[in-house]
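One structure is given here, and the rest of the page talks about it.
FYI, the numbering just counts along the sequence from 1.
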Amino acid sequence: TLREYEPQFSPDGKSIVYVSWSDSDGGQMWKLPSSGGTPEPLTTTPGYYSHPQWSPDGQKILFIMGSARGWLSDDAGDVKEIRWMPAGGGESHFIVTLPARANQWPTWNSDGTRVYYMDRLEAEGKPPARPQFVLRSIRTDGVDKKEHLQFDGPSVVAIPSPDDNWVAIQDRYDAYIAPFPKAGAAVVKLELKNGALPVKRVTLEGANYIYWEDGGKTLTWSFANHFY
């Protein structure tokens, strides 16, 4: 059975990109006119595809890709990559390999020249008691990594706003918001309580599938069968 997930409207509202999955055939990524019609496959290699994101100008699509066999395995040892491809289809381009067991929600920066993602922080000397992760950005050609925010704990994912002014943080099933440090600023270790940056909790019950809307003015999420 073919199942479909993660639909995303293009910036002009004319197209929708989404991913599919079949236990027998693996997954693909598709594009569909928002007015209806026949879906067009953007990918040709079966695999595990997730988190499709349009670039701000609508010309590129960012996504995570892994192997179908790895996604079905029990050891969570599959290697996943962030890649991009032209919105009209064609060859995909490698950006970066993702660390194992790190929550991910890769997004574009405001001008579409860089991509934000979560990376594992390599500790010097004795490993820390809790896993440490860092929000990095990287150019779309896979070079010039920059470090922006550091976090403690294995369940944190950070999602900068489309205008690069704010960052949403999901820690387990709670959502928070904080100012996003400007480029060139010192790297901040973001703590959800009593940290250097002011952090506001925005959920009362829980949050999944956090998205920015209105160019960074609105934050949406879902939890159970509710949409906020």
Pair Asp144 + Arg114: basic N to acidic O under 4.0 Å: yes

With no hydrogens and no angle check, just 3.5 Å: does a side-chain donor-acceptor pair link [X] and [Y]?
X	Y	value
Thr107	Gln53	no
Ser24	Ser22	yes
His93	Thr140	no
Trp30	Ser20	yes

Output field: ring centroids Tyr228/Trp221 closer than 6.0 Å: yes

Partners passing side-chain hydrogen bond (donor to acceptor under 3.5 Å, both in side chains) against Tyr211 (at least two apart in sequence or in another chain): Gln8

Those residues that, when tested against Asn225, pass side-chain hydrogen bond (donor to acceptor under 3.5 Å, both in side chains) (two or more places apart): none

Separation between CG of Leu149 and CG of Leu190, rounded to the nearest 0.5 Å: 5.5 Å

Straight-line distance of Leu98 CG to Tyr117 OH, nearest 0.5 Å: 8.0 Å

pair Leu219-Val202: side-chain heavy atoms closer than 4.5 Å: yes

Heavy-atom check, side chain of Pro33 versus side chain of Ser15, under 4.5 Å: no

Partners passing side chain to side chain contact (heavy atoms under 4.5 Å, CB included) against Lys60 (at least two apart in sequence or in another chain): Ser55, Trp84, Trp108

With His51, the ring pair (Phe, Tyr, Trp, His ring centres under 6.0 Å) member among Tyr18, Trp105, Tyr116, Phe63: Trp105

Cation-aromatic face contact Lys189/Phe151, 6.0 Å, 45 degrees: no

